[in-house]
*Asks:* 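First the structure, which I've put down as structure tokens, then a few questions once you've had a look.
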4 protein chains.
Amino acid sequence: MTRKPDLPQLLLDTALTLFAERTYEGTQMPAVAQRAQVGVGSIYRYFPSKEALGNAAFQYAKRTLLDDLTAALADGGPVSTSREEFALLWRGFTRYAGRHHAAFVFLEHQQHDTFLAPESQALAAEVDLFAADFIERGQRSGEIRAGDPQLLVALAFGAFAGLVKHLRPGGIAELPTEALTQTEEAVWALLHREATR
Amino acid sequence: MTRKPDLPQLLLDTALTLFAERTYEGTQMPAVAQRAQVGVGSIYRYFPSKEALGNAAFQYAKRTLLDDLTAALADGGPVSTSREEFALLWRGFTRYAGRHHAAFVFLEHQQHDTFLAPESQALAAEVDLFAADFIERGQRSGEIRAGDPQLLVALAFGAFAGLVKHLRPGGIAELPTEALTQTEEAVWALLHREATR
Amino acid sequence: MTRKPDLPQLLLDTALTLFAERTYEGTQMPAVAQRAQVGVGSIYRYFPSKEALGNAAFQYAKRTLLDDLTAALADGGPVSTSREEFALLWRGFTRYAGRHHAAFVFLEHQQHDTFLAPESQALAAEVDLFAADFIERGQRSGEIRAGDPQLLVALAFGAFAGLVKHLRPGGIAELPTEALTQTEEAVWALLHREATR
Amino acid sequence: MTRKPDLPQLLLDTALTLFAERTYEGTQMPAVAQRAQVGVGSIYRYFPSKEALGNAAFQYAKRTLLDDLTAALADGGPVSTSREEFALLWRGFTRYAGRHHAAFVFLEHQQHDTFLAPESQALAAEVDLFAADFIERGQRSGEIRAGDPQLLVALAFGAFAGLVKHLRPGGIAELPTEALTQTEEAVWALLHREATR
DNA sequence: CATGAATGAGAGTTCATTCAT
DNA sequence: AATGAATGAACTCTCATTCAT
């Protein structure tokens with residue numbers, strides 16, 4: 001009975017959706033199975049435990065985000081300013097939040113410490129470093145304001161998360177292009193070096 | 001046997017701490033009891049259910065935040081610009097995040113829908129309206145950039161939340177004053193009307 | 001604060017009422033206290049445990065029944081036939097069921113074994129013996145049909161219990177006199193020696 | 001892991017046994033599970049709650065009784081007198097009380113109001129109506145004494161219940177045939193129209 | 001391979017009982 | 001003597017995990 005072409009992936013997606021909706025701890029394995037139209041036992045063929053499923057989902061979400069951001073930079077061709085690079089990253093973010101809404105929401109849940117394995121945490125750090133690198137380069141070129149790069153990442157990322165949370169449940173797709181552009185500029189202002197007031 | 005001077009309050013604080021640490025769903029009633037040095041049954045004398053405790057904690061957190069923000073404005077004396085008002089609000093926020101760290105972290109958890117009663121949601125909306133009002137006035141005076149006020153609130157609030165999350169577990173108290181000022185300016189830039197780029 | 005003239009008795013009555021309404025096991029000590037307008041602790045001043053209260057209530061109910069039956073016989077003056085004696089007993093029963101409705105209902109609950117002390121069981125047996133004695137005398141005089149006296153008691157008592165149960169919640173007081181007389185005759189027919197058919 | 005051929009039925013039987021022994025409220029779910037040699041969780045696969053189990057058991061008991069009575073009448077062939085019909089009903093009762101002793105005892109517990117759903121109560125009424133119909137026909141033919149049919153049912157049913165209660169724990173099986181016949185006649189006398197005294 | 005009935009540790013909740021006031 | 005807040009064992013119910021089919 002080979003019904004599912006890629007069961008592990010289906011399970012990951014389903015889990016992500018439910019985790020986003022009701023939290024990791026608030027999601028039951030039978031619920032995942034039911035939503036995926038699969039028997040409970042089948043989950044355990046691919047993931048040894050709920051914790052493993054949670055970590056796999058988390059890692060999948062983070063990795064996909066990293067891929068989308070990297071791809072956004074690569075596809076955008078060479079850029080000469082941080083503002084231009086930011087535009088590409090912004091596109092990467094919005095694309096990711098649009099296409100993997102549940103994944104993004106899940107990543108933004110503040111509390112993963114209960115089940116996150118060191119490996120997952122390392123991956124999370126990788127994304128942060130990727131963003132911090134962008135900040136640092138911008139600071140060196142004078143385009144981005146001074147300060148702890150990680151802190152600036154946290155601010156910008158937090159603002160973007162606030163945006164997505166605010167738009168829920170429709171997701172970022174619902175926002176008109178104009179408003180999205182305005183928002184992009186606001187977040188860039190957060191990073192941009194400029195005498196304010 | 002009235003040992004605890006104010007058990008309901010103690011329970012609220014304890015619950016908030018644990019909710020911040022491990023999520024509402026990840027927190028067990030016995031754990032709350034143990035942390036509060038109380039028997040499990042005692043919780044149920046004051047809160048009819050875990051859900052009730054969760055809502056009470058949420059409302060307490062939101063109300064306290066609203067109070068701190070209101071107080072910050074009132075104590076700051078009359079202000080003539082949005083920037084000045086923002087400074088007062090910023091102080092209100094940092095004070096709140098410093099003193100009620102767990103409460104702030106809990107409020108920033110993205111997923112409360114599983115247990116939040118309408119009453120709690122109404123209170124949450126109240127805080128949003130309070131902030132939106134500040135934005136609208138700033139927009140009318142030309143100091144704050146155009147756009148949906150609620151969305152701008154979401155951005156600024158999200159940035160601040162990102163900051164607090166980043167600083168965990170030490171909390172905002174650990175941040176040097178200078179860095180805090182820089183951060184304040186960055187978030188203001190997010191809101192401030194000014195041609196960027 | 002001497003508010004209650006006879007607290008133990010009040011508690012017994014209250015307990016009996018609740019036991020009748022919701023079973024011994026279904027009745028909580030706080031519920032008894034509340035109904036009696038007393039603090040929980042006060043019950044424990046007079047009854048060391050719920051079990052003790054249950055037994056005391058049971059014994060009180062049985063003893064009262066025995067008293068009422070005995071009194072009915074004594075007050076009725078000397079009787080010469082079993083039928084006459086039965087009439088007196090019937091009056092005793094109806095009076096008891098009318099005045100101590102809760103007590104009667106409680107006694108008729110089939111399952112007391114979970115909490116009944118040997119002492120209480122002995123008292124129950126005493127009532128049975130009292131009734132069996134009446135049967136035996138009637139059998140010797142030829143007025144009451146042959147058979148195990150205890151079994152006949154069970155039948156007659158069961159019929160009466162069925163009556164009271166049927167009349168609930170109004171109790172036996174609601175039954176018109178005529179119907180009550182008919183019922184008395186039916187139960188007597190159950191005992192009376194006569195070739196049926 | 002389908003070990004039990006018919007787990008729901010097994011659980012119903014087990015529950016009935018324990019309810020008869022120690023009351024609905026006095027019976028704990030783990031006790032049911034243990035007696036049925038099953039894990040606690042398994043009960044909840046078939047009955048959503050203790051209350052549901054209680055109602056299912058009650059309904060099963062009542063329905064079985066109704067079936068046995070109906071069958072007794074059907075199997076007995078056509079009858080011409082109420083006395084003959086009563087004999088068949090009596091056989092139905094004794095058979096039921098013999099084979100489903102626990103069920104019968106449970107049904108005779110006076111207090112089911114705490115957990116009985118309207119549906120269960122309706123079923124109970126159905127049995128009463130069945131019996132009342134027999135009474136009414138007998139009254140019309142002049143064989144059964146005058147009076148409220150339901151009340152007469154209550155009397156006769158109560159007497160039979162008293163019998164079963166008296167015979168516990170051996171049950172009706174222990175009673176010698178002769179005594180059983182005598183009892184049948186006594187209960188018939190309760191119903192039969194005849195000048196008593 | 002996939003399934004879902006079965007399990008039992010553990011979560012939420014109740015309640016008999018105690019004891020400081 | 002009376003009270004009722006406090007307690008925790010025990011109860012009802014849930015759910016991650018297993019395994020016979």
Side-chain angles (χ1 to χ4, degrees), chain A residues 1-4 7 25-34 36-54, chain B residues 1-4 7-8 11 25-34 36-54, chain C residues 1-4 7 25-34 36-54, chain D residues 1-4 7-8 11 25-34 36-54:
Chain A
M1 213 198 297
T2 314
R3 252 188 293 159
K4 313 292 167 186
L7 193 44
E25 9 266 321
T27 302
Q28 306 85 338
M29 296 298 268
V32 176
Q34 194 180 27
Q37 309 254 50
V38 176
V40 221
S42 302
I43 303 179
Y44 284 86
R45 184 154 306 275
Y46 299 102
F47 304 96
S49 67
K50 183 183 178 183
E51 198 180 313
L53 178 63
Chain B
M1 204 202 295
T2 315
R3 248 193 287 167
K4 313 289 170 185
L7 191 44
L11 290 172
E25 13 267 316
T27 302
Q28 307 84 336
M29 296 301 266
V32 176
Q34 193 178 31
Q37 308 254 52
V38 173
V40 221
S42 301
I43 303 179
Y44 286 86
R45 176 163 296 278
Y46 300 101
F47 304 97
S49 66
K50 184 184 177 183
E51 196 180 316
L53 178 62
Chain C
M1 211 199 296
T2 314
R3 253 190 293 159
K4 313 293 168 184
L7 192 44
E25 10 266 322
T27 302
Q28 306 85 339
M29 295 300 267
V32 176
Q34 194 181 26
Q37 309 253 50
V38 176
V40 221
S42 301
I43 303 179
Y44 284 85
R45 184 155 306 276
Y46 300 101
F47 304 96
S49 68
K50 182 183 177 183
E51 199 180 313
L53 177 63
Chain D
M1 204 202 294
T2 314
R3 247 191 290 167
K4 312 290 169 185
L7 192 44
L11 290 172
E25 12 268 317
T27 302
Q28 306 84 338
M29 296 301 265
V32 176
Q34 193 177 30
Q37 308 254 52
V38 174
V40 220
S42 301
I43 303 179
Y44 286 86
R45 176 163 296 279
Y46 301 101
F47 304 97
S49 66
K50 183 182 175 184
E51 196 180 316
L53 177 62

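Naming convention: chains lettered A, B, ... in sequence-line order (proteins, then strands); numbering from 1 in each chain. Scope of the values below: all heavy atoms of this structure, side chains included, with no hydrogens, waters or symmetry mates.
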*Asks:* Determine the minimum heavy-atom distance between A:Ser42 and A:Tyr46, stating which atoms define it.
*Replies:*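 What the structure gives for the nearest pair is O-CD1, 3.4 Å.
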
*Asks:* Just the rounded figure in Å: distance from P of F:dG4 to CG of B:Leu7.
*Replies:*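 One finds 17 Å between P of F:dG4 and CG of B:Leu7, rounded.
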
*Asks:* Quick one: D:Tyr44 OH to E:dA11 P, roughly how many Å, whole number?
*Replies:*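 Rounding to the nearest Å, OH of D:Tyr44 and P of E:dA11 are 17 Å apart.
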
*Asks:* If you look at every strand shown and take non-hydrogen atoms under 4.0 Å, does D:Phe47 touch a base, only sugar-phosphate, or nothing?
*Replies:*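 No contact at all - D:Phe47 keeps every heavy atom at 4.0 Å or more from the nucleic acid.
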
*Asks:* Considering all heavy atoms of both residues, which atom of B:Glu25 and which atom of B:Lys50 are nearest to each other, and what is their separation?
*Replies:* O-NZ, 3.7 Å

*Asks:* May I ask which nucleotide in the shown strands pairs with F:dG8, Watson-Crick or G-U wobble, both distances under 3.5 Å?
*Replies:* E:dC15

*Asks:* Measure the distance from CD on A:Gln34 to C1' on F:dC15 and round it to the nearest whole Å.
*Replies:* 14 Å

*Asks:* Who does E:dA20 pair with, Watson-Crick or G-U, both distances under 3.5 Å?
*Replies:* F:dT3

*Asks:* Between P on E:dT14 and CE on B:Met29, what's the gap in Å once rounded to a whole number?
*Replies:* 10 Å

*Asks:* To the nearest Å, how far apart are D:Glu51 CD and F:dC13 C1'?
*Replies:* 14 Å

*Asks:* Categorize B:Pro30 for me: base, sugar-phosphate, or nothing, with a 4.0 angstrom heavy-atom threshold over every strand shown.
*Replies:* sugar-phosphate

*Asks:* Need to verify one output field. Residue with the more 5' nearest nucleotide on DNA chain F, A:Gly41 or C:Arg45?
*Replies:*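 Looking at the nearest nucleotide for each, C:Arg45 comes out on the 5' side.
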
*Asks:* Measure from OH on C:Tyr46 to C1' on E:dA16 and round the result to the nearest Å.
*Replies:* 20 Å

*Asks:* For C:Ser42 and B:Ile43, find the nucleotide of DNA chain F closest to each by heavy atoms; which residue's nucleotide sits nearer the 5' end?
*Replies:*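 With C:Ser42 and B:Ile43 compared, the 5'-side residue is C:Ser42.
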
*Asks:* For the pair C:Arg45 and C:Leu7, evaluate side-chain contact (heavy atoms from CB on, under 4.5 Å) and give the outcome as yes or no after the intermediate values.
*Replies:* CA-CA 10 Å; C:Arg45 184 155 306 276; C:Leu7 192 44; over 6 Å; no

*Asks:* What pair of heavy atoms forms the shortest contact from D:Ala36 to D:Leu11, and how long is it?
*Replies:* CB-CD2, 4.0 Å

*Asks:* In terms of side-chain heavy atoms of A:Lys50, which of F:dA6, E:dG12, F:dT17 is nearest?
*Replies:*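 For A:Lys50, the side-chain atoms sit closest to F:dT17.
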
*Asks:* Please report the distance, rounded to the nearest Å, between CG in A:Leu53 and P in F:dC15.
*Replies:*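 Answer to the nearest Å: 16 Å.
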
*Asks:* Could you check how far CD of C:Gln28 sits from C1' of F:dC11, rounded to whole Å?
*Replies:* 13 Å

